[in-house]
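For reference, the structure is listed below as structure tokens.
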Amino acid sequence: MNTATRLALYGAGLVAVFVAAFIAAGAVVPDRVASDWTTSADHTAHTPTTDAATAPAPEAAPVRGVSIAADGFALTGLAAPTRVGESGELAFTIAGPDGRPVTSFATSHDKQLHAIIVATDGSHYQHVHPTMDAGGRWALPWQWPAAGSYRVFADFVPAATGTALTLTSTVTVAGEVAPSLPRPVSATDDVAGFQVSLQGSLSTAGTSMVTARISRDGNPVMTLQPYLGAYGHLVALREGDLAYLHVHPEGASPSGPDQLSGPHVQFATSAPTPGRYLLYFDFQVDGQVHTAEFVLQTTGAQPTAPPAGQPAPNPSAPTDAHGGH
């Protein structure tokens, strides 16, 4: 057998071995993969399909109150007593994009700035209103109720932008810290002889309605007084990072300081992420402001209907400038 014949037989043998190996591979490699190999030789032109498992998750709605600075504004110069029982002053300044103290604010809910102070576990909540001096420094007398870590929120609308901002910083208070227990989910609270309940739920599926109902001794309270331009204010914080939940009141505002209402106060809500939220509802009766506290778990359900006889929320309505309340 000459050399040419031997080379031809050797080449034919290689082809046979390659074909046999390819057929064997088809038995263990899924048909879809094998088909890709044979029909898409140019892998740079192959475009993978998108299904529910690989589709990107929807982007969470933006939240407020998680940063010391935003949109060029910053909470600066925060000062406070450092120990439990020590009397002093809680003070801070809002610096503008030029680094100078801001002294011009829009009025929102009867105030130019609302301060929220709460322990990082959600306890010791206070909604207060410091006063500003000519230099832009906000301050009020202060004493801490317990040791631990606290968040200080400044909620305001700069006159220059007209956009609501919520900035935050942390204060650590020295002293013996008692361990905190997890707060149970609860939609009811008793405060100063009033029974307050929340009807509705927080949903991640869109805007939903949360309605506070106030009663006393089993009777609906019809003597809610205007407080900061409304019959009630709701602050909601996401458990963990204490981010502000977007909340705004529904219904007509009081026409005057002597106009009474009750027993419902409604709020349109929109939860950016699943989880637990801490809610604080302020209301005023007989000149005294009370705060009811709740813990709600979000649902993926569609927005809940308001109680019978109450108007449904209008998601297209303009939001209040003071969106944190």
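The first residue in the sequence is number 1, and the count goes up from there. Note that these values count all heavy atoms, side chains included, but never hydrogens, waters or copies made by symmetry. Being a predicted model, the structure only gives us computed values, none of them experimental.
- Considering only residues two or more places apart in sequence or on other chains, Arg238 meets the side chain to side chain donor-acceptor pair (under 3.5 Å) condition with Asp241, Thr273.
- Ring centroid separation for the pair Phe294 and Tyr280 does not come in under the 6.0 Å cut-off.
- For an aromatic pair to be called close, the ring centres must be under 6.0 Å apart, and Phe153 with Tyr244 satisfies this.
- For Phe194 and His290, the ring centers are positioned less than 6.0 Å apart.
- The aromatic ring centres of Trp138 and Phe105 sit less than 6.0 Å apart.
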Could you go through residues 182-192 and list every donor-acceptor pair under 3.5 Å that involves a side-chain atom there, pairing it with any protein atom two or more places apart or in another chain?
unit_1	atom_1	unit_2	atom_2	d
Arg183	NH1	Gly122	O	2.6
Arg183	NH2	Glu293	OE1	2.9
Ser186	OG	Thr188	N	3.4
Ser186	OG	Thr188	O	3.0
Asp189	OD2	Glu293	N	2.9

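- Considering every non-hydrogen atom in both Ser201 and Thr269, the closest pair reads O-OG1, 4.3 Å.
- Within the hydrophobic cluster formed by Ile, Leu, Val, Met, Phe, Trp and Tyr side chains joined at under 4.5 Å, directly or through other members, Val289 is accompanied by Tyr227, Leu228.
- Side chain to side chain, Gln143 and Ser87 meet the donor-acceptor criterion of an N or O pair below 3.5 Å.
- Side-chain contact, Thr168 with Arg151: a donor N or O sits under 3.5 Å from an acceptor N or O.
- Looking at His233 and His127, their side chains never bring a donor and an acceptor atom within 3.5 Å of each other.
- Nearest heavy-atom pair across Ala230 and Pro254 is CA-CD, 3.8 Å.
- In this model, no donor atom of one side chain and acceptor atom of the other lie less than 3.5 Å apart for Thr207 and Ser270.
- Of all the heavy atoms in Gly287 and Gln225, the pair that sits closest is N-OE1, 2.7 Å.
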